[in-house]
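Naming: A, B, ... by sequence-line order, numbering from 1 per chain. From a predicted model like this one, the values you see are computed outputs, not experimental measurements.
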Number of protein chains: 2
Amino acid sequence: MSTRRGSKNSSSQDFDPTPSLGKTIQRLRKAYNMSLGDLSEHSGVAKSIISQIERNETNPTLSTVYRLSRALDTTIDEVLRTEGAALFLEHQTKSGVPILESQDGLCRLAIAGPLNLVDQVQWYDFRAKEGGVLESDPHPQGTVEHLYILAGELDVTTGEETRRVKVGETLRFRGDLPHKIVNVGAGDAHATMMLVLRQLGSADNSG
Amino acid sequence: MSTRRGSKNSSSQDFDPTPSLGKTIQRLRKAYNMSLGDLSEHSGVAKSIISQIERNETNPTLSTVYRLSRALDTTIDEVLRTEGAALFLEHQTKSGVPILESQDGLCRLAIAGPLNLVDQVQWYDFRAKEGGVLESDPHPQGTVEHLYILAGELDVTTGEETRRVKVGETLRFRGDLPHKIVNVGAGDAHATMMLVLRQLGSADNSG
DNA sequence: AGGTGTTGTTCGTTATAACGAACACCAGTT
DNA sequence: AACTGGTGTTCGTTATAACGAACAACACCT
């Protein structure tokens with residue numbers, strides 16, 4: 001009944017406490033556009049360990065998970081939460097920040113802006129492979145979305161209207177409606193996306 | 001103290017990831033009336049380790065925390081949740097099972113019945129030191145509470161009415177009202193308490 | 001092509017989490 | 001009082017989580 005005796009590949013006896021942990025860490029890391037080295041430096045955890053954790057090859061310590069969680073701006077229990085695997089789009093949250101990522105790798109939306117501004121403005125790096133589609137649920141009322149195309153060609157549909165945008169162009173549209181972005185160009189598409197949230201109080205950023 | 005050997009910058013990121021973990025584990029263990037040995041056997045974790053975890057003298061592995069969580073009929077999530085320390089009564093939940101315990105040790109309500117019947121009947125071992133008071137919020141509509149006194153003398157107040165019960169007596173009263181049990185005897189009091197929940201559908205124990 | 005910087009992985013070493021057995025402690029019993 | 005069965009703690013050993021450095025795989029330059 002030894003749990004740890006030969007546990008290398010003995011994944012049968014006591015099944016993985018958190019089968020999704022590795023995947024979750026990796027998803028968050030990528031969503032923040034961090035390399036293993038970045039995350040290592042930022043969290044204080046050796047990158048070799050992070051690599052192993054992501055591949056579920058080790059059985060991390062609480063302190064390790066904790067440090068990673070902090071570096072990823074979330075909490076231990078968020079990270080450990082065994083959420084059902086996402087189908088196409090999944091969105092993590094914590095402070096309401098959507099981190100979108102397509103499972104098949106067609107699209108990725110990575111957080112680019114500073115985390116502490118998350119309540120006012122959210123700033124993403126959007127990349128889509130050929131044919132990639134990103135569908136978004138409506139953001140909060142009053143949200144305005146800006147899209148600046150760095151590469152490729154996109155169709156943006158918001159509400160009933162569709163617009164085509166190319167490299168160098170900027171599109172500004174309502175983010176509080178369901179919207180969809182399709183990479184209609186020949187290769188990869190790349191854009192900077194900014195969400196400006198409606199300011200409610202406006203006086204709340206002290207301290 | 002240090003998380004590990006000379007860590008990068010052992011400044012702020014080093015504080016205990018889960019200062020409450022040890023306390024939580026211990027509280028749950030005691031609430032289930034388990035000894036370290038019992039929990040060890042039930043969870044597969046060495047009792048020496050459990051002891052150290054409870055005293056926050058080690059930095060457990062996820063798998064360890066996981067096994068403990070399972071044995072305590074809860075999830076890693078619940079166990080790690082940094083809840084504010086309880087004042088007088090605190091109640092853990094998971095499946096709705098109240099585990100009541102007085103911080104100062106005057107009263108303790110320990111789960112006695114099998115966990116899988118938790119939806120139909122909850123069965124506790126109640127102990128109170130001299131002067132101990134247990135106040136309960138109302139249980140779900142239709143709940144009937146039974147109290148069988150094993151030792152001591154208690155005053156039970158439910159709604160507006162108060163009854164005094166002594167050794168050997170049984171009291172049956174509505175549990176869906178706020179109620180209070182006071183140890184009015186000279187020494188410790190001891191009773192078996194059973195909550196019979198109102199059966200709603202009765203067809204829901206498949207899984 | 002051959003650097004050059006990046007990525008993630010592998011590898012040997014060290015610190016330590018987990019283990020089991022021995023220990024100390026206390027309450028009940030004879 | 002000594003004994004007994006239970007509690008929680010300690011102690012030496014073993015397996016391994018975490019580490020850093022060396023490695024490999026890939027892209028991007030010049």
Rounded to 10°, the helix from C/dG8-D/dC23 to C/dA21-D/dT10 deviates from straight, judged by its five-pair end axes, by 30°
In whole Å, what is the span from the CD atom of B/Glu41 to the P atom of D/dG8? 14 Å
Could you give the CG-to-P distance, from B/Asp38 to D/dG5, as a whole number of Å? 17 Å
Atom CG in A/Leu154, atom CG in A/Leu171: separation rounded to 0.5 Å? 9.5 Å
State whether B/Arg29 places a side-chain N or O below 4.0 Å from either non-bridging phosphate oxygen (OP1 or OP2) of D/dG8. yes
Please confirm whether the shortest side-chain N or O distance from B/Ser35 to OP1 or OP2 of D/dG6 is below 4.0 Å. no
A quick test of your reading: do over 12 heavy atoms of other residues, nucleotides or ligands sit less than 6.0 Å from NE2 of B/His146? yes
Rounded to the nearest Å, what distance is computed from the CG atom of residue A/Asn59 to the P atom of nucleotide C/dA18? 8 Å
Once you round it to whole Å, what is the distance between P of D/dT10 and CD of B/Glu57? 6 Å
Distance in angstrom units between B/Tyr66 OH and C/dA18 P, rounded: 16 Å
Between A/Glu54 and B/Thr58, who's closer to the 5' end of DNA chain C by nearest nucleotide? A/Glu54
Check ring pair (Phe, Tyr, Trp, His ring centres under 6.0 Å) between A/His179 and all other residues, then give those that pass, not counting sequence neighbours. A/His139, A/Phe173
Nearest 0.5 Å, please: how far is CZ in B/Arg164 from CG in B/Asp155? 4.0 Å
Does the side chain of A/Leu62 reach to within under 4.5 Å of the side chain of B/Thr64, using non-hydrogen atoms? no
Looking only at heavy atoms, which two atoms of A/Val79 and A/Thr24 are closest? And how far apart? O-CG2, 3.9 Å
With respect to the phosphate group of C/dC19, does any side-chain polar atom (N or O) of B/Arg67 fall under 4.0 Å of OP1 or OP2? yes
How do B/Gln52 and B/Gly37 order along DNA chain D: which one's closest nucleotide is nearer the 5' end? B/Gly37
Nearest-nucleotide pick for B/Ile49, side chain only, options being C/dT7, C/dC19, D/dA18: C/dC19
Report yes if the side chains of B/Leu21 and B/Ile53 come closer than 4.5 Å at any heavy-atom pair, otherwise no. yes
Residue that, paired with B/Glu54, satisfies side-chain hydrogen bond (donor to acceptor under 3.5 Å, both in side chains) out of B/Lys23, B/Arg29, B/Arg27: B/Arg29
Without decimals, in angstroms, what is the distance between B/Leu39 CG and D/dT7 P? 12 Å
B/Leu36 or B/Thr61, whichever maps to the more 5' nucleotide of DNA chain D: B/Leu36
For A/Leu62 and C/dT16, what is the distance between atoms CG and C1' respectively, to the nearest whole Å? 15 Å
Would the base of C/dG8 count as contacting A/Lys47 through its side chain, where contact means a donor and an acceptor less than 3.5 Å apart? yes
Distance check needed: C/dT9 C1' versus A/Arg55 CZ, whole Å only. 8 Å
B/Ser51 side chain: which of D/dA17, D/dG8, D/dT9 is closest? D/dT9
For C/dT9, does OP1 or OP2 lie under 4.0 Å from any side-chain N or O of A/Ser48? no
